[in-house]
Amino acid sequence: QVQLVESGGGLVQAGGSLRLSCTASGSTFGRYAMGWFRRAPGKERDFVAAISRSAGSTYYADSVKGRFTISRDNPKNTVYLQMNSLKPEDTAVYYCAAEIVPYDVVLKTSGQYDYWGQGTQVTVSL
């Protein structure tokens, strides 16, 4: 139904910033709730941030609150994750996820999403 492609990952020093993008295929992007998740080496996939289909609501993991901002540009079929004040513990593969929903709701768990991108590597050095 939808293909997701992440971009914007890379290597950054602690305290730096990075902006991730996730672009979706198709013409129904405005009907999808979107989320960002990450998996660090040897760890489980963790929730990072989520945004409702019209951007009426956002939600963040405690570990990134105040540092990360999720946003979306529906005409561009793109969701963003602005990451500021990066820490070494933010190092992970970051994935975007999508789920078609009938209302402007936020989805906060990986099990609620059916569609996933391939991920983009973020490495934060000391």
Side-chain angles (χ1 to χ4, degrees):
Q1 280 287 324
V2 61
Q3 290 182 300
L4 307 174
V5 180
E6 301 98 335
S7 63
L11 176 64
V12 64
Q13 293 185 9
S17 297
L18 214 56
R19 191 192 197 195
L20 305 183
S21 299
C22 174
T23 300
S25 65
S27 60
T28 58
F29 183 71
R31 295 163 58 188
Y32 285 89
M34 301 294 296
W36 285 98
F37 295 79
R38 66 188 182 186
R39 185 188 293 274
K43 298 182 175 62
E44 296 181 343
R45 178 182 287 169
D46 291 328
F47 170 77
V48 176
I51 189 166
S52 61
R53 67 184 201 176
S54 67
S57 299
T58 58
Y59 192 82
Y60 299 91
D62 288 342
S63 58
V64 307
K65 192 173 297 183
R67 300 188 298 120
F68 290 11
T69 302
I70 188 171
S71 62
R72 66 193 294 163
D73 188 338
N74 286 352
K76 293 183 178 179
N77 276 28
T78 301
V79 63
Y80 305 96
L81 186 67
Q82 178 66 47
M83 305 184 294
N84 299 326
S85 301
L86 283 162
K87 305 174 181 179
E89 52 262 45
D90 295 318
T91 296
V93 177
Y94 283 71
Y95 302 88
C96 68
E99 180 69 21
I100 192 164
V101 291
Y103 304 107
D104 196 43
V105 296
V106 163
L107 306 180
K108 306 170 185 178
T109 64
S110 61
Q112 293 176 290
Y113 292 92
D114 287 328
Y115 305 104
W116 296 82
Q118 292 298 117
T120 185
Q121 176 71 49
V122 172
T123 302
V124 184
S125 64
L126 293 170

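- Put simply, Phe68 and Val124 are part of the same group of oily side chains (I, L, V, M, F, W, Y) that touch within less than 4.5 Å, one to the next.
- Remark: Ser21 OG to Gln82 CD distance equals 9.5 Å, nearest 0.5 Å.
- For Gln118, there are no side-chain hydrogen bond (donor to acceptor under 3.5 Å, both in side chains) partners at least two apart in sequence or on another chain.
- For the pair Thr91/Gln121, a side-chain contact is recorded, criterion being any heavy-atom separation below 4.5 Å from C-beta on.
- Other residues, nucleotides and ligands contribute over 12 non-hydrogen atoms within 6.0 Å of the CD atom of Glu89.
- Put simply, CD on Glu99 and CE on Met34 are 11.0 Å apart, with the number rounded to the nearest 0.5 Å.
- Put simply, the side chain of Leu107 does not reach to within 4.5 Å of the side chain of Tyr59, judged on heavy atoms.
- Between Ile51 and Tyr60, the closest side-chain pair of non-hydrogen atoms is not below 4.5 Å.
- A distance of 14.0 Å separates OH of Tyr80 from OG1 of Thr69, quoted to the nearest 0.5 Å.
- Counting heavy atoms from C-beta outward, Gln1 and Asp114 have side chains that stay 4.5 Å or more apart.
- Remark: of the listed residues Leu86, Leu11, Val93, Leu11 is the sole one forming a side-chain contact (heavy atoms from CB on, under 4.5 Å) with Thr123.
- Within the 4.5 Å cutoff, side-chain heavy atoms of Val2 are placed close to those of Ser25.
- Relative to the six-membered ring of Tyr95, Arg39 misses at least one condition, a distance below 6.0 Å or an angle of at most 45° to the axis.
- In Arg31, the CZ atom is not crowded: 12 or fewer heavy atoms of neighbouring residues, nucleotides or ligands sit closer than 6.0 Å.
- In terms of modelled atom types and a separation under 3.5 Å, the side chain of Arg45 and the main chain of Phe37 share no donor-acceptor contact.
- Using a 4.5 Å heavy-atom cutoff, the side chains of Met83 and Trp36 are not in contact.
- Looking at Tyr32 and Val79, their side chains never come closer than 4.5 Å, going by heavy atoms from C-beta outward.
- For the residue pair Asn77 / Thr23, no side-chain donor-acceptor distance below 3.5 Å is found, with atom types taken as modelled.
- Ion pairing of Lys65 with Asp62 is present here, as a side-chain N (NZ or NE/NH1/NH2) and a carboxylate O approach within less than 4.0 Å.
- Checked against side-chain hydrogen bond (donor to acceptor under 3.5 Å, both in side chains), Tyr94 has the following partners two or more places apart in sequence or in another chain: Arg38.
- Under a hydrophobic clustering in which Ile, Leu, Val, Met, Phe, Trp and Tyr are joined whenever their side-chain heavy atoms come within less than 4.5 Å, directly or via other members, Ile70 and Tyr113 fall into different clusters.
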